[in-house]
S.K.: 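First the structure, which I've put down as structure tokens, then a few questions once you've had a look.
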Amino acid sequence: MDATRSIEEALEQFGQDFAARFDAATSEQTLRDEKASVLGKKGKLTEILKLMGKVPAEDRRRIGEQVNALKDAVESRFEARLEALRRQRREAELNAPPFDLSMPPRLLAPRGHRHPLSQTQDDLLAIFRDLGFLSVEGPEVELEENNFTKLAFPPDHPATDMQDTFWVDVQGAPSGARTLLRTHTSAVQVREMSSRPPPMAIVSSGAVYRRDDDITHSPMFHQVEGFLVDRRVTFGHLKAVLDAFATRLYGPGTRTRFRPSYFPFVEPGAEVDVSCVFCGGQGCRVCKQTGWIEILGCGMIHPAVFEQCGLDPEAYSGFAFGLGVDRIAMLRYGINDIRLLYENAPRFLTQF
Ligand code: DAH
């Protein structure tokens, strides 16, 4: 058989084969392998072309054209199959059952959250911040003068009995100064009023300490203190702020009641009740059938306190209030024993 004839036959055979092999490839990789086995160095077509040398000159051009046409056919078949394979794969992805994004993940460790006291404290501070109060912090270890003396508790004043104190020795404390764990956040009033010029509206929260321990008293508990100093501040301003606070805390329709009370650093002083959030004032177990719940102490800052802090009581007036965070948290979450807040038992904390 002459060379022209045999190369033509081989090309024809090849033309029939490669298409079927490309179409049988089911992955991009096998398709590429097939292509290499056709066009590559050791490929089928390359093999055939080796016969070219024996083809008589007059046939070469014709055979050459056939070869080029076949090469083009191989390329376009390859591209078409590649495209088809990619489309198939994409369609398979689109038709596959979707990932269930709503399925809860398997957690490696249970997720934590803030302690109910911290939540309550942050909520209380946020209300006063919204009312324009600046939030500051004060130290838990205080000077006696900030905690008592400058707040107009005279030495051995019977009022100090209300706040049975933990005394502590602090290295480096001013000589002769007595130091203690602050019994209330009111000490922050002294610090701020002594160090910044009025007007000021300040709120502060943190731990306080008293030698007390029963189901409603813990030796450490938390308070929020607020005070405002300016010219011509009246009791009316105090009422407006506390009414706004009660409404924000317990919702519209919450009423407040101011009862005269005594604190050495205010005059007049008052205790504030809110209409019971549980019964709306009808009387229930929580409010002990009174319809009212006591939530804070307050009053107009005593002139003696201004003097102690270097402010002129003729020029300035102001109000102050203090409330127990633990008590508010207990009311809010229906907790009846304050000690639960400090035991950190997971079975308790996970309920909030
Ligand atoms: N410091 C007081 C206490 O711990 C609470 C208090 C009462 C704070 C009246 C005040 C206030 O600022 O005006 O019992």
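Hydrogens, waters and symmetry mates are skipped; everything else that's a heavy atom, side chains included, is used. Sequential numbering from 1 along the given sequence is applied to the chain's residues.
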S.K.: Less than 3.5 Å apart, any donor N or O on the side chain of Thr179 or Asp169 sitting next to an acceptor on the other?
M.R.: no
S.K.: Rounded to the nearest 0.5 Å, what separates atom CG in Leu143 from atom OG1 in Thr149?
M.R.: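 One gets 9.0 Å once the value is rounded to the nearest 0.5 Å.
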S.K.: Under 6.0 Å between ring centres: does that hold for Phe265 and His184?
M.R.: yes
S.K.: Does Leu124 share a hydrophobic cluster with Val188, counting links as ILVMFWY side-chain heavy atoms below 4.5 Å and allowing steps through other members?
M.R.: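 In one cluster with Leu124: Val188, no.
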S.K.: Could you state whether Met330 and Tyr333 fall into the same hydrophobic cluster, counting links through intermediate Ile, Leu, Val, Met, Phe, Trp or Tyr residues with side-chain heavy atoms under 4.5 angstrom apart?
M.R.: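 Yes: a chain of side-chain contacts under 4.5 Å links Met330 to Tyr333.
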S.K.: For the residue pair Lys44 and Phe14, would you count it as a cation-pi contact if the rule is NZ or CZ under 6.0 angstrom from the ring centre and within 45 degrees of the ring axis?
M.R.: no
S.K.: Looking only at atom types and distance, does a side-chain atom of Gln351 sit under 3.5 Å from a main-chain N or O of Arg347, one as donor and one as acceptor?
M.R.: yes
S.K.: Please check this pair: side chain of Arg60 against backbone of Val55, looking for a donor-acceptor N/O pair closer than 3.5 Å.
M.R.: yes
S.K.: Check Arg339 with Glu343, please: is the shortest side-chain N to carboxylate O separation under 4.0 Å?
M.R.: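 Salt bridge absent between Glu343 and Arg339.
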S.K.: Salt-bridge test for Arg62 and Glu8: reply yes if a basic N is under 4.0 Å from a carboxylate O, no otherwise.
M.R.: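 So Arg62 pairs with Glu8 through a salt bridge.
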S.K.: Using the ring of Tyr316 (Phe, Tyr or Trp, six-membered ring only), decide whether Arg231 places NZ or CZ under 6.0 Å from its centre and within 45 degrees of its axis.
M.R.: yes
S.K.: Between Asn147, Asp164, Thr165, which is the residue that forms a side chain to side chain donor-acceptor pair (under 3.5 Å) with Thr183?
M.R.: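 Result for side chain to side chain donor-acceptor pair (under 3.5 Å) with Thr183: Asn147.
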S.K.: Is there a donor-acceptor pair under 3.5 Å between the side chain of Ser27 and the backbone N or O of Thr30?
M.R.: yes
S.K.: Measure the CE-CD distance between Met220 and Glu140 for me, rounded to the nearest 0.5 Å.
M.R.: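 One gets 7.5 Å once the value is rounded to the nearest 0.5 Å.
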S.K.: Measuring from Phe227:CZ to Phe321:CZ, what's the distance to the nearest 0.5 Å?
M.R.: 9.5 Å
S.K.: Is a donor from one side chain sitting under 3.5 angstrom from an acceptor on the other, for Asp122 and Thr120?
M.R.: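 Thr120 and Asp122 do not have a side-chain donor-acceptor pair below 3.5 Å.
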S.K.: Considering only NZ, NE, NH1 and NH2 on the basic side and carboxylate oxygens on the acidic side, decide whether Arg259 and Glu294 come within less than 4.0 Å.
M.R.: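 Glu294 and Arg259: salt-bridged.
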S.K.: Does any donor atom in the side chain of Ser204 or Glu225 lie under 3.5 Å from an acceptor atom in the other side chain?
M.R.: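 Short answer, no.
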S.K.: Check for a donor-acceptor pair, side chain of Asp212 on one end and backbone N or O of His217 on the other, with a separation under 3.5 Å.
M.R.: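 No, Asp212 side chain to His217 backbone: no donor-acceptor pair under 3.5 Å.
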S.K.: Would Arg32 and Glu28 pass as an ion pair if we require N to O under 4.0 Å?
M.R.: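 Answer for the salt bridge query: yes.
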S.K.: Is a donor from one side chain sitting under 3.5 angstrom from an acceptor on the other, for Gln119 and Asp123?
M.R.: no
S.K.: Given Leu228 and His237, is the side chain to side chain contact (heavy atoms under 4.5 Å, CB included) satisfied, shown in steps?
M.R.: CA-CA 9 Å; Leu228 182 148; His237 296 121; 5.8 Å; no
S.K.: Asp230 side chain to Val233 main-chain N or O, any donor-acceptor pair under 3.5 Å?
M.R.: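 No, because the side chain of Asp230 does not come within donor-acceptor range (under 3.5 Å) of the backbone of Val233.
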S.K.: Can you see which heavy atom on Ala270 is nearest to which on Phe258, and at what distance?
M.R.: CB-CD2, 4.3 Å
S.K.: Do Phe319 and Phe235 have ring centres separated by under 6.0 Å?
M.R.: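 They do not qualify: ring centres at least 6.0 Å apart.
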S.K.: On a heavy-atom basis, which atom in Ser118 and which in Arg114 lie closest, and how many Å separate them?
M.R.: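 Result for this residue pair: O-NH1, 4.1 Å.
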S.K.: What are the two closest non-hydrogen atoms of His113 and Thr350, and how far apart are they?
M.R.: NE2-CA, 4.2 Å
S.K.: Examine Val74 and Ile63 and state if one hydrophobic cluster contains both, with Ile, Leu, Val, Met, Phe, Trp and Tyr joined whenever side-chain heavy atoms are less than 4.5 Å apart.
M.R.: yes
S.K.: Is Arg191 paired with Glu142 through a side-chain N to carboxylate O contact shorter than 4.0 Å?
M.R.: yes
S.K.: When you group the ILVMFWY residues by side-chain heavy-atom contacts below 4.5 Å and let the links chain together, are Val136 and Val241 in the same group?
M.R.: no
S.K.: Look only at the side chain of His115 and the backbone of Leu341, and say whether a donor-acceptor pair between them is shorter than 3.5 Å.
M.R.: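 Yes; judged by distance alone, with no hydrogens or angles, the pair exists.
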S.K.: Mind checking whether Val229 and Leu131 sit in one hydrophobic cluster, side chains of I, L, V, M, F, W, Y counted as touching below 4.5 Å?
M.R.: no
S.K.: Roughly how far, to the nearest 0.5 Å, is the CG atom of Leu70 from the CD1 atom of Ile48?
M.R.: 8.0 Å
S.K.: If you take all heavy atoms of Cys287 and Gly291, which pair is closest and at what distance?
M.R.: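 That closest heavy-atom pairing would be SG-N, 3.2 Å.
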S.K.: How long is the straight-line distance from OG of Ser186 back to CG of Leu151, given to the nearest 0.5 Å?
M.R.: 6.0 Å
S.K.: Taking Arg61 first and then Glu65, would you say they form a salt bridge - that is, a charged N and a carboxylate O separated by under 4.0 Å?
M.R.: yes
S.K.: Give me the atom names and distance for the closest heavy-atom approach of Arg182 to Gly138.
M.R.: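 Distance-wise, the nearest heavy atoms are NH1-O, 3.4 Å.
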S.K.: Can you name the closest pair of heavy atoms from Phe352 and Ile335 and give their distance?
M.R.: CZ-CD1, 3.7 Å
S.K.: Could you tell me whether Glu75 atom CD has more than 12 heavy atoms of other residues or ligands within 6.0 Å of it?
M.R.: yes
S.K.: Can you tell me if Ser205 uses its side chain to pair, donor with acceptor, with the backbone of Gln223 under 3.5 Å?
M.R.: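 Indeed, once roles are kept as given, a pair shorter than 3.5 Å links the two residues.
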S.K.: May I ask you to check if Arg255 and Trp292 form a cation-pi contact, with NZ or CZ under 6.0 angstrom from the six-membered ring centre and within 45° of the axis?
M.R.: yes
S.K.: Looking at CD1 of Ile293 and CZ of Arg327, how far apart are the two atoms once the value is rounded to the nearest 0.5 Å?
M.R.: 6.5 Å
